[in-house]
Amino acid sequence: MTTFDADDVTLEEVEEHVWEIAREDGMNTPARVLASEALLEEIADDDTLRQIRNVTHLPGVQRHALCMPDGHQGYGFPVGGVAAIDAEDGCISPGGVGFDINCGVRMVKTNLTYDDVRGREEELVDALFDAVPTGLGGGGVVNGDAETMSGALSRGLDWAHEAGYATRDDLKHCEDEGMRPDAEPAKVSQKAKDRGRNQLGSLGSGNHFLEVQRVTDVYRTDVADSFGLEADQLVVLIHCGSRGLGHQVCSDYLRRIEEEYEEFLADLPDDNLAAAPAGSDLAEDYYGAMCAAINFAWVNRQLITHQVRETFADVFETPWEELGMELLYDVAHNIAKKEVHEVDGEQKELYVHRKGATRAFPAGHPEVPSAYRDVGQPVIIPGSMGAGSYVLRGGEESMARTFGSTAHGAGRLMSRTQAKREYRGEDVQSDLQEHEHVYVKAESGATVAEEAPGVYKDVDEVVRVSDELGIGDKVARTYPVVNIKG
DNA sequence: ATGTCC
C-alpha cells in the first residue's frame, strides 16, 4: 500500500485516488483526501491536510471528513471540504460553509457559435462590463429596499420570477429551484442587510468573474445532448456569491458561537472550527440566516443573468429568447444543507457542509430536476481564465463516496499575497489577449494578478480524478473568449 | 470571499 508522508500527517492510498488519514485520539472518523499523487503533493504544501484532520474532531461527523481534489487551505475547514454531520446529535459550522455563503456558478447557454463573436470581442467585453457592476463595495442593478430584501431573502428565485427577472425554466434549472424554504430573514442582522441592499446584481471581486466561453470538447455526447451542449457553441459562466451580506452573516454567527460556546470550542483543535451544537437555538438561527443568504446569492446571480441577456440582445440585435439564452444549471459550492443519506445501512438527516465543493447527484436521484433526471445533475467546474472550465454530471459513485459531492474548481496553488509578488495584472492581461485570444476586463489590476492562470492547480487533473472516481463524470470542456471581473 | 479591523 502506498503511503504519503506530509509534515505531521501520514496518508495511505486505500484505493486509487483515495488517501486516508487514520483515526487517532480525538478524531471521530478517519479523513480522506481524493486526489492523484501529483495533486496530493500540491495539497500537502499548505495547511489543508491538518485542517481536514481537524474537521473529524467535530461531534457527529459521519463516515469521513473529505477533501476534494482541488482542496486548499481555508478558514478552519479547507476549501474543497465536505463534512456530513448528524443534524440531531452533531453540529453546524459556519467555517464549514465559508464566508461567501452560496458562492456558486451558473451556465447560460446560447445558440451562437465562436464565429459569431470573433472580431467583436472588445465590443462584447465592454458592453458586459458596463452592464454588470464589478469590484468591491456597493452598486447593484436593483434597489434593495426593505420589501425587495425581504422577498429576495425569504423566497430567492421565486421573488426574482415575480419581479420579472427570471423565467419558470430558470427556477427549474437551479439547485433547490433557487429557493431555500428554511430561510429566516429575521435572523439576518440589520448590518448584513444594509451591506447587501445595494449589491443585488453585482459580481464582486476576488475569484468571481463572468466569462463568455466556447465549448471546445464533448466527452459524453448523449449527456451533452440532454444538457443542450455541442462543440463550438458559446456559453456564459457567472461565478459569484452573496457579497457583503453573506460575509456579514458568517461573521455575526462566528462571533455568537465564540461568545456562547467557549467551552465547546476549547475542546477542538482549531478555534476557527467554531460550530453550534445541533438543536441549539444558535444552530437553528444560523441555519435560517444562512438559507436566507443562499437565497440572496441566487437572486444576485439571476439579476446578473438578466443583465447578460439584455446585453447580448443589444450587441447581437436579437431578443435573448431567440439567442437561446436558457439556464443550463446553477450550482452552489459554499453551503450547508439538511440532506438524508444512508450511513451504515441507516437513513440519517445530516448537515452536509460543502465548502468549495459541488453537489453532484447521480441519475435517478429525486432532487435532480426532471430535465436531467435520466443523466444526472449538471456540475459546473470553473477553471482559471487561461484554462477554461468543465461541465460534468453527477456520477454513480458520488452518494457512496462523497455524500453526493465533487470538486468546485481548479483550486488555488498560492496565496493572493504570493500571487501579487509573482505577477503583474497588465502583463497577465496582455499575455492572455495576444497569445490565447482571451479578452479580460477588470476593475483592478491587482485582482487580475491574484487570479493569474498560474496561481491555480491543473483543472484537467482535478476533473480527471473526479471522473475516474465516478463522483462527477466529464461531459464537456469550455475555453474562455471574454472575461470580466472585479 | 470581504466597506481586506468597529
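Quick note on labels: first sequence line is chain A, next is B, and so on, each numbered from 1.
- Between A:R416 atom CZ and B:dT2 atom P the separation is 9 Å, expressed in whole Å.
- Every ring pair (Phe, Tyr, Trp, His ring centres under 6.0 Å) that A:Y286 has, sequence neighbours left out, goes to A:Y253.
- The cationic atom of A:R393 (NZ for Lys, CZ for Arg) does not lie both less than 6.0 Å from the six-membered ring centre of A:F227 and within 45° of the ring axis.
- If you check every strand for non-hydrogen atoms under 4.0 Å, A:G241 touches nothing.
- In this structure, A:E177 has no salt bridge (Lys or Arg N to Asp or Glu O under 4.0 Å) partners at least two apart in sequence or on a different chain.
- Across the protein-nucleic acid pair, A:Y75 atom OH and B:dC5 atom P stand 13 Å apart, rounded to whole Å.
- The nearest whole Å value for the distance from the CG atom in A:D252 to the C1' atom in B:dT2 is 13 Å.
- Across the protein-nucleic acid pair, A:L136 atom CG and B:dT2 atom P stand 6 Å apart, rounded to whole Å.
- The CZ atom of A:F296 sits 11 Å away from the P atom of B:dT2 (whole-angstrom rounding).
- Summarising the geometry, the separation between CD on A:E443 and P on B:dT4 is reported as 16 Å, rounded to the nearest angstrom.
- The nearest whole Å value for the distance from the CG atom in A:N102 to the C1' atom in B:dT2 is 16 Å.
- One can place CG of A:N300 at 10 Å from P of B:dT2, the figure rounded to the nearest angstrom.
- No contact: A:G98 has no heavy atom under 4.0 Å from any strand.
- Of the two residues contacting DNA chain B, namely A:Q199 and A:R255, the nearest-nucleotide position lying further toward the 5' end is that of A:Q199.
- A:S205 comes within contact range of the sugar-phosphate backbone alone, with a heavy-atom separation under 4.0 Å but no base atom that close.
- At least one test fails for A:R106 against the ring of A:Y329: distance under 6.0 Å to the centre or angle within 45° of the axis.
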